[in-house]
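Contents: one structure, followed by commentary.
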Amino acid sequence: MPIRDHLDYLEELERLEQTVEYIQNAITASGQNKNTYKEEIKDAYIHLDFLDSSQSYASIMLHSTLLNDLERNLENLLKAKTKPYFARIDFCPEGDLKGDKFYIGKMSLLRAEWDIPFILDWRSPLASVYYDGRIGSVSYQSETGTMRGELTLKRQYTINDAKLENIMDIDITATDDFLQASLEDHKDNRLKDIVSTIQSEQNAIIRADIDKPLVVQGVAGSGKTTIALHRIAYLIYTYEDSFDPENFMIIAPNQLFLNYISDVLPELGADKVIQATYTDFVFEQIGKKYKSIDSDEKLLSIISPTENTDTHNIHFLKQASLFKGSMLFKKIITRYIEEIESRFIPDQDIVLGGYNIISASDIKNMFLVEYCHLPLYKRLDQIKKHITFKLKSQKNKIIEGIENFYDIKIEYLRDHEIESEERRIKIVELLDLRDNDMNIIKKGSTTIVKKYMTQFKTKDLFSYYSDLITDENKMHKFSRGILDTKFVAYLCRTSKDILSKKKVEFEDLAALLYLKHRVLGFENKLDIKYVVIDEAQDFSLFQFFALKEVFNTEMFTILGDVSQGIHSYRSIQNWDYVINEIFDASKSQYLKLEQSYRTTIEIMGLANEVIKLSAIDGLILAKPVVRHGENPTINQLSSDTEILEKVEKRITTLIIEGYKSIAIIGKTSNECIHIQKQLERGKQIKTKLLKGKEEQYDHNIVVVPSYLAKGLEFDAVIIVNIKDSYKKDEIDLKLLYVAMTRALHRLDIYYKKGTIDFLDKTTV
Ligand SMILES: Nc1ncnc2c1ncn2[C@@H]1O[C@H](COP(=O)(O)OP(=O)(O)OP(=O)(O)O)[C@@H](O)[C@H]1O
């Protein structure tokens, strides 16, 4: 229906004009206030009286804060001006006769003379009705409890550059044309916000209880990453009195992924949130003395062994990875730390000139009980402080005691012996003895603490770790003999080999982080209170545990998809372990997302056929939203040249058809290097080879290995297989599934005969 034919067109047009005008006036007023505040600050500096400056400083502080707030507000107003809101709900609370119209936008806007918001923030409690409610009776959670009422209208708008382009009313059947339209879009290489089309099951995740750990299993393309970012924005808004944005941390798999999500957080007003990859975060804490081995190296040795791969030991290689991420390894490290702890404090009282300042058992008690919540080395700091304090107070008492002791003796001599040369000599002797005793105390008191503390021979983190992981006896002892001898020999030998090159594997990082936390402690205070982990299916239990301990919080949102667990040789196999072993299951929340929004029915259908071939326990198949597209093509060819010619042609056609982002996905980085070289030879097509470390890239056509494509999406995906082949085993099937589900609209597969055999039989 043309927009002008909508019954409320004129009313809506007027409302938009009124809103834009209001925002413009607010922008102008802000501009004037900004100048006033700047003038005030300048003035305060000019009149700064160095003798009595409190008034000027107060003025500078006040106006700087006002200026900061104003600048932030101004930024929001400028964004809102072109698209002030995206939806409207008409809602009448239970018991009221008349309802109100609420316009929902990305930020709230209040008008002094109005008793309802001029624009309602999408994160406010009432806005939940827009995402969850159908026309009729609805309810939502507010600070004061459940609110009920009647929803009489749910309307969506397309507004661009402050122009009203479309109005769509959502009726009781709730067919979401708006969602369909947004999914049809052709995308560049960045994730977008979805505030206007959040679905009810996604809304439940965004607004889930902050206090309980939340685990989300979501199929490919179900919006996990997007929802994670919206949840952070929601929590920042709702709990702004308790949390700063800097208290939130999002952990992502690689730099490429961080780049991919980089547009969304600022768009949602949450740009100050800490973002890091797990590896970068751990290295920042443990120091960069050792280098990290690329975390994909192990995956490559499993999926694409070369002549150098120790195929004989591939079983041990997988077992070692799994072990290093296990809670058993955590237990072994805990026992190892306990032993270090128990031997740390010597059986030695601190004695000064024969006086007992503090007993060994008191020091042990401090170390093992009183300060047990601190890392070992930080406890030493406390103990040092305590001994110094005790010594200071004892020293004066001891000196007083010595003085009294000799005074009494001298007094006695004076009272009981007649004055003589002999008595004088005795008194002088006593005075010398007194001075000597006092000197011992005075001198001793300056060195005794230092002497006591220097006996603690501290070691660095990597020595502690190496002392355990390369020592077969210790590994057997602390595992209480449950580890297989051959496995332990393999583990210690390979670990020794790696550590001797001053390197560590990705799998070592959880243990190192945990050891650092328990033994040495961190240099800077970690002020993270809420942690969001995306692509969490690739995490091990020990990784989750270490993060929980280090941040001392249960507030986690953990999102992932076990069907995409391409690192399953080192990571969790299902979410039950996380809920039961890391958190308290009775206080955790587990939610599922089964609807996939990214891709078409046709592409998802083929991807589902592939993942069904794997033997994943309790596999949840993605249900695509009702969006049809072209059938994916499967092209089996017999020569490299033929494949590359076809791929080149395909890319050209896709560009002509208007697709903005195209990915050529090879199984491994070697395959990708080969493909890119061949394509570049043709000189027609410029591509960018992604290596995972890119902080920024703006190429429309990329060549990317399957395991790095995880989490990303492209308008069109071309899977190319020339050298590597996909086997019908769990990891390869998952890799192929990941590659296929990256496509928003088009999927084409070109492979050399014999490289993806099982695909021949797969029906589209
Ligand atoms: N409610 C929604 N409205 C519009 N688009 C949506 C919605 N939910 C998800 N999408 C879109 O679906 C695509 C997939 O989202 P996202 O990448 O967050 O999913 P994911 O579950 O993290 O995927 P994967 O696990 O496969 O990497 C994105 O293009 C996102 O914008």
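Ligands are counted one by one from 1 in listed order, and the atoms in each one are counted from 1 as well.
At a heavy-atom cutoff of 4.0 Å, ligand 1 is contacted by the backbone of Val219 but not by its side chain. Only the side chain of Glu535 comes within 4.0 Å of ligand 1, counting heavy atoms alone; its backbone N, CA, C and O stay farther away. At a heavy-atom cutoff of 4.0 Å, ligand 1 is contacted by both the backbone and the side chain of Thr225. Of all the heavy atoms of Val738, none lies under 4.0 Å from any atom of ligand 1, so neither backbone nor side chain is involved.
Every atom of ligand 1 is numbered from 1 in the order shown, and the set under 4.0 Å from a heavy atom of Gly711 is 27 (O). If you number the atoms of ligand 1 from 1 as listed, the ones under 4.0 Å from a heavy atom of Glu713 come out as 13 (C), 14 (C), 28 (C), 29 (O). Residue contact check: Gln199 has heavy atoms under 4.0 Å from atoms 1 (N) of ligand 1.
Between Asp161 and Thr82, the side chains place no donor N or O within less than 3.5 Å of an acceptor N or O (distance only, hydrogens not considered). Using modelled atom types and a 3.5 Å distance limit, the side chains of Ser321 and Glu507 yield a donor-acceptor pair. Side-chain polar atoms of Tyr737 and Glu609 form no donor-acceptor pair below 3.5 angstrom.
Here atom 21 (O) of ligand 1 lies nearest to Lys224 when heavy atoms of Gln202, Lys224, Gln537 are compared. Proximity annotation for atom 18 (O) of ligand 1: of Leu191, Leu229, Leu559, Thr226, Thr226 comes nearest, heavy atoms only.
Considering backbone and side-chain atoms alike, Gln564 places an N or O below 3.5 Å from some N or O of ligand 1. No N or O atom of Tyr260 sits closer than 3.5 Å to an N or O atom of ligand 1. Checking only distances, Arg742 does come within under 3.5 Å of ligand 1, N or O to N or O. Inclusion of Leu179 in the set of residues having an N or O under 3.5 Å from an N or O of ligand 1 is not warranted. Considering backbone and side-chain N/O of Tyr597, none are found under 3.5 Å from N/O of ligand 1. Not a single N or O atom of Thr741, backbone or side chain, sits closer than 3.5 Å to an N or O atom of ligand 1. Remark: ligand 1 and Asp561 share no N or O pair separated by less than 3.5 Å (distance only, no angle test).
Atom OG of Ser596 and atom CD1 of Ile603 lie 10.5 Å apart (nearest 0.5 Å).
A salt bridge links Lys106 with Glu267: the closest approach of a Lys/Arg side-chain nitrogen to an acidic carboxylate oxygen falls below 4.0 angstrom. Between Arg650 and Asp748 there is a salt bridge, since a side-chain N of the basic residue sits under 4.0 Å from a carboxylate O of the acidic one.
Taking the centre of each ring, Phe86 and Tyr131 stay at or above the 6.0 Å mark. For Phe539 and Phe544, the distance between ring centers is under 6.0 angstrom. Checked against a 6.0 Å centroid threshold, the rings of Phe583 and Phe556 count as neighbours. A ring-centre distance under 6.0 Å is not found for Tyr530 and Phe243.
Look at Leu183 and you'll find a heavy atom under 4.0 Å from some atom of ligand 1. Residue Ser222 places a heavy atom less than 4.0 Å from ligand 1.
Open room surrounds CG on Asp617; 12 or fewer heavy atoms of other groups in view lie less than 6.0 Å from it.
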